[in-house]
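Scroll down for the structure; my scribbles are underneath it.
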Protein chains: 2
Amino acid sequence: MGKRKQSSSNMQNEKFITECDLAYAVCKIGGRWKLLILGKLEGGKLRYSELRSQIGEVTERMLTLQLRELEKEGLVKRTVYAEVPPRVDYELTDIARELIPAWRILEAWGAKHRLLAQHESEIKEPETSLQ
Amino acid sequence: MGKRKQSSSNMQNEKFITECDLAYAVCKIGGRWKLLILGKLEGGKLRYSELRSQIGEVTERMLTLQLRELEKEGLVKRTVYAEVPPRVDYELTDIARELIPAWRILEAWGAKHRLLAQHESEIKEPETSLQ
DNA sequence: CCCATTACTTACATTTTTGTGCGTACCGCA
DNA sequence: TGCGGTACGCACAAAAATGTAAGTAATGGG
C-alpha cells in the first residue's frame, strides 16, 4: 500500500494480468477492507468516524489507506468540511454504483456456497471423533 | 500462499471480513492469477502445460499454487491420468460456472472504466510537453 | 545407460500488504 | 492553560504473497 517498485517482476506481472478487463475490475475492489467499506456506503454518505465504528475491527490506518485508494480509483468521493473538529464524509460515486448488480450476484453466490462449504466440513470432521 | 498463522490479527480480520458474503466471494477469486486461469478454462478443459503456455508470464510454481487453491475452493476440477509422462487436466466446476454472469458484468465495467481512466491520464499528462 | 517429457516440489529471496502504537493540527470550552 | 474530539500521518514490525532457481519421479526410446 506504500509505493511499489515499478520495475519489480511483481509489478510487471500485475500490469500483464490487468490487461484482462475482469482481472482489472477485481483488482480495484480487492483490498482487504474495500468491499466492507463500499457495502456500508451503499446506504448513503458516512463520515470517517461512522465507518470506523461500523466496521469495528479496522484500524484507523487501514481505513484511511483503503479510502484513499478507493478515492484514487474513483469509487468513492471524499468531502471535507472546513470545520473544527474536522468533518469528512465519503460516498459512492456513480462508477461504484455501476458495480452493484455484480455485487448482488457475487453476494448470492457467496451466501450459497459458504453454507455448502460449512456443511461439508461438518460431515468430514465429526467433532473430536473418539476412536 | 504457504500456510498462514491461524492466530495472527491478519487471519482474524480475514475471518471477520469474510462474514460478508460479498467479501467471501471476492476472496475466492482474488489470487493473482486466478481469474486468468478461470478465463482460459471457460473454453473447456486444459492441461497444465496448456495453461502454462497460454498464460505465458506465469511461473510453474505460481500456476500450481493457484490451481491448488482453486481446487480446494471447488472452482476447478483436477483430473490425473495414470500415464507417463504424466497428464493432468483442469476444468471449471459448476460452482465456478455460476459466477460467469458476474464476471461478464465486471468485465464490461473494467473495459469501460479502464478506457476512461486512460483518457483522463492523457489529458492530465500531455506527452513530454515542451515548455 | 542416458535423455527427454510432464507436472510438479522444494528452498530461498524479494516485494507487498497489513497491523501496532504513537503523534499531530485545529479550535472551542472550562 | 489544559483537555477533548476528529481525521488523519508516520515509523516501524510482522505476516503474507509472489518470484527465482533448482531438483524430482516415472518411463519409453535410442
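Every chain is numbered from 1, with letters handed out A, B, ... down the list of sequences.
Positionally, the nearest nucleotide of DNA chain D for Asp89(A) lies more toward the 5' end than for the other of Asp89(A) and Glu14(B). Remark on DNA chain C: of its neighbouring residues Pro85(A) and Glu60(B), the 5'-side contact belongs to Glu60(B), judged by nearest-heavy-atom nucleotide. When the nearest nucleotides of DNA chain D are assigned to Pro86(B) and Val84(A) by heavy-atom distance, the more 5′-ward of the two goes with Val84(A).
Here dA7(D) presents its C1' atom at 17 Å from NZ of Lys45(A), a figure rounded to the nearest Å. In this structure, Gln12(A) places its CD atom 16 Å from C1' of dT20(D), rounding to the nearest Å. At whole-Å resolution of the value, CZ in Phe16(B) and C1' in dG19(C) are 15 Å apart. Between the CZ atom of Arg87(B) and the P atom of dC8(C) there is a distance of 13 Å, given to the nearest Å. Whole-Å rounding puts the Asn10(B) CG to dT16(C) C1' distance at 12 Å. Between the CG atom of Leu67(A) and the P atom of dA7(D) there is a distance of 11 Å, given to the nearest Å. Distance, Leu63(A) CG to dT17(C) C1': 16 Å, rounded to whole Å. Atom P of nucleotide dT20(C) and atom CD of Glu57(A) are separated by 10 Å, given to the nearest angstrom.
The phosphate of dA7(D) has OP1 or OP2 within less than 4.0 Å of a side-chain N or O from Arg47(A). When the side-chain nitrogen and oxygen atoms of Asn13(A) are compared with OP1 and OP2 of dG19(D), one or more of them lie within a distance under 4.0 Å. Side-chain nitrogen and oxygen atoms of Arg68(B) include at least one within less than 4.0 Å of the OP1 or OP2 phosphate oxygen of dT9(C). The phosphate of dC8(D) (OP1 or OP2) has no side-chain N or O of Thr64(A) nearer than 4.0 angstrom. At dA7(D), one or more side-chain N or O atoms of Ser49(A) fall inside 4.0 Å of OP1 or OP2 (strictly under the cut-off). Under 4.0 angstrom from either OP1 or OP2 of dA17(D) there lies no side-chain N or O belonging to Gln66(B). Phosphate contact (OP1/OP2 of dA17(D), side-chain N/O of Arg4(B), threshold under 4.0 Å): present. Between Tyr90(A) and dC8(D), a side-chain N or O to OP1/OP2 separation shorter than 4.0 Å is present. For Ser9(B), a side-chain nitrogen or oxygen approaches OP1 or OP2 of dT20(C) to under 4.0 Å.
For Met11(A), taking side-chain heavy atoms from C-beta onward, the closest of the listed nucleotides dG21(C), dT16(C), dG19(D) is dT16(C). For Arg61(A), counting side-chain heavy atoms from C-beta on, the closest listed nucleotide (dG21(C), dC8(D), dA7(C)) is dG21(C). Residue Ser8(A) places its side chain closer to dT16(C) than to any other of dA7(C), dT6(C), dT16(C). In the set dT5(C), dG19(D), dA7(C), the nucleotide with an atom closest to the side chain of Met62(B) is dG19(D). Relative to the side chain of Val88(B), the nucleotides dG19(D), dA16(D), dA7(C) differ in distance, and dA7(C) lies closest.
For the pair Glu14(A) and Arg32(B), the salt-bridge criterion is met [side-chain N within less than 4.0 Å of a carboxylate O].
In terms of modelled atom types and a separation under 3.5 Å, the side chain of Tyr81(A) and the main chain of Asp89(A) share no donor-acceptor contact.
From Thr93(A), atom OG1 reaches atom CD of Glu98(A) across 8.0 Å, with rounding to the nearest 0.5 Å.
With a 6.0 Å radius and a threshold of 12 heavy atoms from other residues, nucleotides or ligands, Lys15(A) has its NZ atom above the threshold.
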Could you walk me through whether Glu107(A) and Arg104(A) pass salt bridge (charged side-chain N to carboxylate O under 4.0 Å, His left out), step by step?
CA-CA 5 Å; Glu107(A) 214 166 18; Arg104(A) 288 288 95 80; 2.8 Å; yes

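Side-chain contact between Glu69(B) and Leu65(B) is absent, with no heavy atoms from C-beta onward closer than 4.5 Å.
Nucleic acid contact class of Arg52(B) (heavy atoms, under 4.0 Å, all strands): none.
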